[in-house]
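Shown next, in C-alpha cells, is the structure this report addresses.
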Amino acid sequence: VVDTSKMCPAVHSLKSTSPMLGLVNPGDLIIALDDEDTRNMTAASLTRLMAKKSRQRERKITLLSPDGF
C-alpha cells in the first residue's frame, strides 16, 4: 500500500505475502520506478504507473529510507 506524503509517494504497508517483505519498509520513500522520477507523483499516480508496468518481468524501485539505511 502506497500513501502520498509531503516529499513523494511512501510505502504505507506490505502484505504478509509480498515478495518485497523485509526489503521494503513502511515509511520508505519511493523516489523512482524504472529510473522514472516519482518524487512529484501522488500515490494514485504511482499506482497507475506501476499497473501500467505490471506485465514487465522486472521493475526497479528506488527507495529512500527515512532512517538513512
Side-chain angles (χ1 to χ4, degrees):
V1 177
V2 178
D3 277 338
T4 301
S5 73
K6 291 179 182 179
M7 296 180 66
C8 61
V11 176
H12 175 74
S13 62
L14 291 128
K15 293 180 182 180
S16 61
T17 57
S18 173
M20 294 188 293
L21 200 60
L23 300 172
V24 175
N25 298 298
D28 286 351
L29 302 174
I30 304 169
I31 60 172
L33 178 63
D34 293 333
D35 296 322
E36 184 174 336
D37 191 342
T38 60
R39 290 176 288 183
N40 293 317
M41 290 186 182
T42 63
S45 296
L46 175 61
T47 300
R48 282 191 297 274
L49 180 61
M50 291 177 86
K52 189 170 102 176
K53 295 174 175 272
S54 67
R55 294 185 185 236
Q56 290 179 205
R57 181 178 163 105
E58 293 183 2
R59 285 175 279 171
K60 177 182 171 185
I61 301 172
T62 306
L63 303 169
L64 180 63
S65 173
D67 299 329
F69 297 102

Distance from L63 atom CG to N25 atom CG, nearest 0.5 Å? 9.0 Å
Nearest heavy-atom contact between K53 and E36 is CE-OE1, 4.3 Å
Can you list everything that forms a side chain to side chain contact (heavy atoms under 4.5 Å, CB included) with M7? Sequence neighbours excluded, please. S5, L29
Does S13 have any side chain to side chain donor-acceptor pair (under 3.5 Å) partners at least two apart in sequence or in another chain, and if so, which? none
Heavy-atom distance under 4.5 Å between the side chains of K60 and L33, does that happen here? no
So salt bridge (Lys or Arg N to Asp or Glu O under 4.0 Å) across residues 3-20, not counting sequence neighbours, yields none
Working to the nearest 0.5 angstrom, can you tell me the gap between D28 CG and L23 CG? 10.0 Å
By side chain to side chain donor-acceptor pair (under 3.5 Å) - contacts of Q56 (at least two apart): D34
Less than 3.5 Å apart, which donor and acceptor atoms pair up between the side chains of residues 38-51 and the rest of the protein, not counting sequence neighbours?
| residue | atom | partner | partner atom | Å |
| --- | --- | --- | --- | --- |
| T38 | OG1 | I30 | O | 2.7 |
| T38 | OG1 | I31 | O | 3.2 |
| T38 | OG1 | A32 | N | 3.1 |
| R39 | NE | D37 | OD1 | 3.0 |
| R39 | NE | D37 | OD2 | 3.3 |
| R39 | NH2 | D37 | OD2 | 2.7 |
| T42 | OG1 | A44 | N | 3.4 |
| T42 | OG1 | S45 | N | 3.1 |
| T42 | OG1 | S45 | OG | 3.1 |
| S45 | OG | R48 | NH2 | 3.3 |
| T47 | OG1 | A43 | O | 2.8 |

Would you say the side chain of V11 lies within less than 4.5 Å of the side chain of M20, judging by non-hydrogen atoms? no
